[in-house]
Chemist: 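Supplied in structure tokens, the structure appears directly below.
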2 protein chains.
Amino acid sequence: MKRVKMSDVAKKTGVSLSTVSQYMNGRYEYMSSETKEKIKNVAEELNYIPNSIARSLATAKTKTIGVIVSNITGYFTSSVVRGVEDYCKKNDYSIIIYNTDHDSELEKKSINILKMLRVDGILIVPSGKNNELINKEKNSGMPIVQMYMEYDDLDISTVISNYRKSAYDATEYLINLGHKNIAIITQEYENTRSRHDRILGYKDALVNNGLPFNRDLIHIWDISSDMNVLFEEIVKNKNLPTAIFVMHSAITINLLKHFKLKNINIPEDFSIIGFDEIPNADLMKTPVTVVKQSTYEIGQKSAELILDKINNKDKVKSKKIIIPCELKIRESCKEI
Amino acid sequence: MKRVKMSDVAKKTGVSLSTVSQYMNGRYEYMSSETKEKIKNVAEELNYIPNSIARSLATAKTKTIGVIVSNITGYFTSSVVRGVEDYCKKNDYSIIIYNTDHDSELEKKSINILKMLRVDGILIVPSGKNNELINKEKNSGMPIVQMYMEYDDLDISTVISNYRKSAYDATEYLINLGHKNIAIITQEYENTRSRHDRILGYKDALVNNGLPFNRDLIHIWDISSDMNVLFEEIVKNKNLPTAIFVMHSAITINLLKHFKLKNINIPEDFSIIGFDEIPNADLMKTPVTVVKQSTYEIGQKSAELILDKINNKDKVKSKKIIIPCELKIRESCKEI
DNA sequence: ATGAAAGCGCTAACAT
DNA sequence: ATGTTAGCGCTTTCAT
């Protein structure tokens, strides 16, 4: 099963290699319609399939972009990636995916492999642990865009949601419902602007509505946190919160499970807003209100931005594209 | 920002190109430890990164496999893909993803692009509409494995769940609960063995338990179906079903939404079993019992199989790997 | 309107 | 133990 190559169709057509190459690249300007027709037929007959690898070696372009995410499993990331793939496909780019689980070494390694593979650009959800390296890559000329993350020490283009505004709106929604003590559960947010902005939005809303900003209403969660312990902290506040605004969907789900276990009722006992959509929220005992990011659109815009960078050789400096969120009001917040 | 290439490190080290090449490929057998050391240092100093494209052109291998799925969005497919990626990464392969939405043309096009990209193998969830083409590709030497699908007219290796057995178990679970009239909702299953097997398992369980198999308890759903209409059909059966076994998670979710809308209660009014895990099922009003496929493992095994084919040049004929499912009993089935 | 030839960065057979 | 050299299958410049 020998692969047929360009020289085969050239020979059979009776023209030169370069003429066939011109044809394959759609440069018909100086080509007689006869040779054009002949090449077309021979190529079809021989079932010729161009070799992208050889082309890439010659052109130093691969029409391929690398996508580094923490974990493609799940609703959020997978639909971002789908947005990326759709946009890329439309523009004849393919995507190569790497999961890192936000592991620093894996992230480094992924970047390295993508460089060996000579991808034309990289889309990344950075862990925050290799920001220096990523800056370096960008400065050495690799087109690179980050998705739904923003770090103070990472100076690359980014596509994010309007975190501050949407956190503001969610908080104000709670305030309008009569809530005064609104607890927050968030991951560590120093240095991670995409998280910090949500806290700022929350603060803005309080202040603009004449409410005090109370630092001990802010609770930090991490992967090793025990929800039992964390929740104890929340309720031991002298001003018992009536509402909880949770900044990450994994935490929201954790909290909801905890509530179920402890027979805590939503919204009777607490009002809840989550950040990020929860799959099948509509089928829950109490459908939970969330701030929903436009995941698919984030993917599309990220792809658009990286292709722009690739093809316009980055006249633009670091750019920030901001996508609005939607407050999906369901049944987890009550008026008090 | 000139890229540094092998000849650069060769020159700087003072050895020949091929020695460096040997080094880069870990063939140290005939190499003095001094040159080895020297090359190592120079390569590091120069920050040399091998060019996979050039290597691929020379070796006719890309260390890359194509993954064609219907839609990476969602729990099921995304965790299969994660299994694939993890296994591939461990073996120094990268994956290129294409979504087709089971569109025949897109599927054809994806296969074609992956061939141009010279992937070493293809993992595919076939739509069923290009089986002839896929057979042809396989016969012309492309290593290719299908995931969690099986068609009567597609003769390629496959990694699937034990559909017949797990449908049997689920049905028998219902029977043991006292159910006699068990309705099925399935997609069209003629020719799609992975679907047909579930019906057979259902049938086996009925027969083995002395229950009649009643053809009008089997209902066909497709993407254009109206759940209202479909459900009317189900309940107009002279022997009103007390349980419904739904063969696809998208349908299960649809049905659950319908129930919520119509205030139909689970399991009081109907007992329900779904096929495929439903994200956040535990948080539902009534957590739904499902047959859970081992998605991650399916991905891993598929990757393992395709890499075997690639590296052992397929001594093996078409092979079928069968992964067990788990019946996740929750609260959607009652005893009657 | 078409062809000749150099080059893309590497591998691998062969020579030494 | 290391070097020489001929490809791998294309693109692209320059000639004609």
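Computed from a prediction, not measured in an experiment: that's the story for all the values here. Below, read A as the first sequence line, B as the second, and so on, with proteins coming before strands; counting in each chain starts at 1.
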Chemist: Is any side-chain N or O of Ser16(A) closer than 4.0 Å to OP1 or OP2 of dG3(C)?
Modeler: yes

Chemist: Would you please say whether a donor-acceptor pair under 3.5 Å links the side chains of Asn135(A) and Asp155(A)?
Modeler: no

Chemist: For Arg3(A) and dC8(D), give me the distance from atom CZ to atom C1', rounded to whole Å.
Modeler: 14 Å

Chemist: With respect to the phosphate group of dG9(C), does any side-chain polar atom (N or O) of Ser7(B) fall under 4.0 Å of OP1 or OP2?
Modeler: no

Chemist: For the side chain of Val15(A), starting at C-beta, report the closest nucleotide among dC10(C), dG3(C), dT2(C).
Modeler: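 For Val15(A), the side-chain atoms sit closest to dG3(C).
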
Chemist: Give the rounded distance in Å between these two atoms: NZ of Lys36(A) and P of dT2(C).
Modeler: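 Rounded to the whole Å, the gap is 12 Å.
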
Chemist: Closest approach of Lys40(B) and Tyr23(B), non-hydrogen atoms and distance?
Modeler: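 Of all heavy-atom pairs spanning Lys40(B) and Tyr23(B), the closest is CB-OH, 3.2 Å.
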
Chemist: Nearest whole angstrom, please: distance from the P of dC10(D) to the CZ of Arg55(B).
Modeler: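 About 21 Å, once rounded to whole Å.
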
Chemist: For the side chain of Met6(B), counting heavy atoms from C-beta on, which of dT11(C), dT2(C), dG9(D) is nearest?
Modeler: dT11(C)

Chemist: Restricting to nitrogen or oxygen on both sides, can you table the protein-nucleotides 12-16 of chain D pairs closer than 3.5 Å?
Modeler:
residue, atom, partner, partner atom, Å
dT12(D), OP2, Arg27(A), NH2, 3.2

Chemist: What is the distance from NZ of Lys61(A) to C1' of dC10(D), rounded to the nearest Å?
Modeler: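 Rounded to the whole Å, the gap is 15 Å.
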
Chemist: Give the rounded distance in Å between these two atoms: NZ of Lys5(A) and P of dT11(D).
Modeler: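 Result: 14 Å.
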
Chemist: Between P on dC8(C) and CG on Asp8(B), what's the gap in Å once rounded to a whole number?
Modeler: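 Taking CG of Asp8(B) and P of dC8(C), I get 11 Å after rounding.
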
Chemist: For Tyr48(A) and dC10(D), is the shortest distance between a side-chain N/O and OP1 or OP2 below 4.0 Å?
Modeler: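 So the side-chain polar atoms of Tyr48(A) do come within 4.0 Å of the phosphate oxygens OP1 or OP2 of dC10(D), strictly under.
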
Chemist: Is there a side-chain contact between Thr35(B) and the phosphate of dT2(D), meaning an N or O under 4.0 Å from OP1 or OP2?
Modeler: yes

Chemist: Please tell me if the side chains of Tyr98(B) and Val67(B) come closer than 4.5 Å, counting only heavy atoms from C-beta onward.
Modeler: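 Of all side-chain heavy-atom pairs linking Val67(B) with Tyr98(B), none is under 4.5 Å.
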
Chemist: Do Gln22(B) and Tyr28(B) pass the side-chain contact (heavy atoms from CB on, under 4.5 Å) test, and can you show the C-alpha distance, the side-chain angles, and the key distance before you say yes or no?
Modeler: CA-CA 7 Å; Gln22(B) 300 290 14; Tyr28(B) 307 134; over 6 Å; no

Chemist: Tell me the interatomic distance from Asn51(B), atom CG, to dC8(D), atom C1', rounded to whole angstroms.
Modeler: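 Spelled out: CG on Asn51(B) to C1' on dC8(D) is 13 Å.
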
